[in-house]
Every structure is written in structure tokens, then in C-alpha cells.
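Taking it in order: structure first as C-alpha cells, then the write-up.
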Amino acid sequence: MDSIPASTTDPLRPPADWWRWVLDGQALGWLAPAHQRLLAGWGLGVALAEARSWSVCSDTHDAEARSRWLAELASRLREAGWVRGWRGERYRCHLPGRDDGEGPPGGPVFFELERAAYRFFGLTSQAVHVNGVDASGALWCGRRALHKATDPGRLDNLAAGGLPAGEDLMDCARRELWEEAGVPPALCGPLRLMGRLRTARVESEGWHEEWLHVFELALPAGFVPRNQDGEVSAFECLAPGEVAQRMASQDFSPDAAAVSAFWLGSRAGPGLISTTVVSR
């Protein structure tokens, strides 16, 4: 996958004119130049040129109050046309923890925020992606519905979705499997976590950075996925070679391509893997 053109040396950072977004003393996200100008016009924050950061104080002292303050700001951004694809679903932002290792922050909850606003502030989200493998070793893939806010009409994994506040990874994966592919709980016994990917890229809404928790589910012979929530228009069962061809032709969404590549690579041997994918 292509790397992001940037003048910084860290592949997980956006171009150099994107500044760090600091909220109540915590460096959390990245702001595009246009987003910096907007917040400046609204009198929200202080530019710290030497640190190349934009510092905002919410004047709140706990996660609940900070979440309310951010909800009002996100609604204002939505009304002004800067945040699109409103979902009415919150993501949870954690501070770093002592035992994070190579994974997402696992410290105290700092706030919760409407998921559609995450890219505006360049925050790091989390998602689950499930590679569904049929009895012949082929990969079931879904085609995203044309009304989807992101990557409409492109191939996706069997099931995938953002991790909402208050839901654990396994419950999220099982729920997405039912909603997107009609996989009942009785068939989720073989569901297993394979590893993680960290993906980052510039999007029209802002900086997209996300931890993708990659699962694999072995499906029985004869099972055919059926979408339940209207977010998938069709399913295709692809042999490994065809998966690689579709990736090369950019038929997959960027994150689904990374997860499918992860699955192809995992066929060389077992193990829980963490890695980074920087794409555009």
C-alpha cells in the first residue's frame, strides 16, 4: 500500500502543517490547517507554534463533563458542515496505560465522543474486522452498500465495525457478524483474535488513525452470509489468489485490504501479530 507523502519521519504522523491537538493538557489528535483556522475563528484554543500544537481547554474536570462539552462542539461542527455521516454512536478515548505495549491506550477514560467527529480532531479509534473463511479455504467478503458514508460500493471483510463505548471486542465482533452477515451466535465458537493492525491516512474529513482488531472465523460448509442491517449489498467468496488480485485493483476499502493482506500473510504461520499499515 502507498505511504502518505509527508515531511515528517514518523509514518504515523500526517503532513508537517497538521498540528497536534491538545485537550486539557493531553496530546490526543491532529488538526488539518483548515481545522486550525476554523477553531481560531471560533476562539477555541491557542496556537503553540514552537510545539506545533493547538491547545484547547474545556474547563471541565472529569470525563463525563468533558464528554458533554465535546458533544456540544461536535454538534456545532455538524451544523457548520464540517462533520458528516453522523451516527449517534460514541467512541471512547482512553489515556495511555502502564501496560499498553503494542496496542491501543488502555488507561482511564478521558472522554466519549460521536464517532463521526473523530477524524476532524485526528483521534485514534478502534474497530473489529472479521475474516470469514469457508470450508474450502476461500474468504467471504461483503460489498459495502452505496449509501455508506465511507468507501461506498467497495469490498469489505465479512464483518467489520467501529468499537463503540462500553462494548468489548468479542461482543462487538459477534454483533457485527450477525448484523452484517447473518452469522448466528451458535456459529461463532471458532471466532479467534489473530492480531492487530494500526492504520493511518489523510481523509477528506481529517486524519484517520485506527487500531484494527483482526479476527478469523471458520465457517461450516454450505453457510451463505445474509446481511441484516442494509449496510452490505452483496457477498463474494474469493480464493486467496483472487483476494490478492482484488487488492491489487483497489477493489477493497483501504482498511479491508490491510486486513485481507494480514489474513494472506497469516497463512504462512500462526501467532498473534501487531503491525502498522500507513495508507492513502
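With Trp207 contributing its side chain and Arg13 its backbone, the two residues share no donor-acceptor pair below 3.5 Å. Although no hydrogens or angles enter the test, the distance criterion places a donor-acceptor pair under 3.5 Å between the side chain of Arg144 and the main chain of Thr150. Judged by distance alone, with hydrogens and angles left aside, the side-chain atoms of Arg154 form a donor-acceptor pair with the main-chain N or O of Gln250 at under 3.5 Å. Within the 3.5 Å criterion, the main-chain N or O of Gly122 finds no donor-acceptor partner in the side chain of Glu209. Proximity of a side-chain donor or acceptor of Arg92 to a complementary backbone N or O of Val109 within less than 3.5 Å is not detected. Proximity of a side-chain donor or acceptor of Glu114 to a complementary backbone N or O of Glu89 within less than 3.5 Å is detected. Checked by atom type and distance alone, the side chain of Glu216 never pairs as donor or acceptor with a backbone atom of Val214 at under 3.5 Å.
Remark: Arg20 qualifies as a cation-pi partner of Trp30 under the 6.0 Å distance and 45° angle criteria applied to the six-membered ring.
Connection of Val232 to Leu219 is established within a shared hydrophobic cluster, with ILVMFWY side chains joined at heavy-atom distances below 4.5 Å, either directly or through further cluster members.
Scored by the side-chain hydrogen bond (donor to acceptor under 3.5 Å, both in side chains) test, Tyr118 finds no partners at all (sequence neighbours excluded).
A perpendicular orientation is assigned to the rings of Phe111 and Trp21, their planes being inclined by more than 60° (bins at 30° and 60°).
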Just do the side chain to side chain donor-acceptor pair (under 3.5 Å) check on Ser249 and Asp251 with the steps written out, would you?
CA-CA 6 Å; Ser249 65; Asp251 195 14; 5.3 Å; no
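Under a 4.5 Å side-chain heavy-atom criterion applied to ILVMFWY residues, the cluster that includes Val46 comprises Leu48 as well.
Using a 4.0 Å cut-off between a side-chain N of Lys or Arg and a carboxylate O of Asp or Glu, Glu72 and Arg68 do not qualify as a salt bridge. Under a 4.0 Å N-O distance rule, the pair Asp255/Arg201 qualifies as a salt bridge.
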